[in-house]
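Treat the numbers as computed from the prediction; the structure is a model and nothing was measured.
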Amino acid sequence: MDTAALLWGVLFGAIGLGFFVYGRKQSAVIPLICGILLMVFPYFVSNSYLIVGIGTVLMAIPYFIRR
């Protein structure tokens with residue numbers, strides 16, 4: 001794993017923690033699930049471009065899917 005992938009993983013993990021806490025406090029399922037996925041997926045993806053792409057998509061999902 002290179003340094004860029006590690007830093008992107010930390011960034012998306014921190015954003016995922018924010019989504020998780022927000023989803024838990026507001027009882028919102030979509031941000032909760034996206035938060036968990038944002039915290040977990042960098043462990044399984046080692047390519048920096050894929051980490052940025054998947055992380056951006058996961059961050060955009062709660063914006064477009066509102067309940």
Side-chain angles (χ1 to χ4, degrees):
M1 182 178 264
D2 60 342
T3 307
L6 181 65
L7 291 176
W8 282 115
V10 169
L11 176 69
F12 286 121
I15 294 169
L17 181 63
F19 272 100
F20 177 76
V21 170
Y22 172 79
R24 220 169 121 212
K25 288 194 184 274
Q26 298 295 323
S27 298
V29 177
I30 302 294
L32 181 75
I33 292 172
C34 285
I36 292 170
L37 290 175
L38 278 167
M39 289 188 286
V40 171
F41 90 90
Y43 289 108
F44 301 107
V45 179
S46 61
N47 187 349
S48 298
Y49 295 115
L50 280 176
I51 290 176
V52 172
I54 294 170
T56 304
V57 168
L58 285 174
M59 285 178 10
I61 287 173
Y63 179 76
F64 291 111
I65 301 175
R66 297 182 189 196
R67 291 189 174 207

inquiry  = Let me check something: do Y43 and L17 share a hydrophobic cluster, defined by ILVMFWY side-chain heavy atoms less than 4.5 Å apart, either directly or through other members?
reply    = yes
message = Assigning hydrophobic clusters by single linkage (Ile, Leu, Val, Met, Phe, Trp, Tyr; side-chain heavy-atom cutoff under 4.5 Å), is M39 placed with F44?
response = yes
remark   = Heavy-atom nearest pair, G9 first then P42, reads CA-CB, 3.7 Å
key: Between OG on residue S48 and CG on residue L6, distance to nearest 0.5 Å   = 9.5 Å
ask   = Is L38 reachable from L50 through a run of hydrophobic residues whose side-chain heavy atoms are each under 4.5 Å from the next?
value = yes
inquiry  = Does any part of the side chain of I54, heavy atoms only, come nearer than 4.5 Å to the side chain of V57, both counted from C-beta?
reply    = no
query = Taking all atoms of both residues into account, what is the closest heavy-atom pair of R24 and L32, and its distance?
reply = N-CD1, 4.0 Å
ask   = If you look at every heavy atom in I51 and W8, which pair is closest and at what distance?
value = CG2-CB, 3.7 Å
ask   = Do L11 and Y49 belong together in a cluster built from hydrophobic side chains that touch within less than 4.5 Å?
value = no
key: F41, CZ atom: more than 12 neighbouring heavy atoms under 6.0 Å   = yes
ask   = Same cluster or not: are V21 and V40 linked, directly or through other Ile, Leu, Val, Met, Phe, Trp or Tyr residues, by side-chain heavy atoms under 4.5 angstrom apart?
value = yes
inquiry  = Just verifying a value: how many Å separate T56 OG1 and I61 CD1, rounded to the nearest 0.5 Å?
reply    = 11.0 Å
Derivation of the side chain to side chain contact (heavy atoms under 4.5 Å, CB included) call for F19 and I33 = CA-CA 8 Å; F19 272 100; I33 292 172; over 6 Å; no
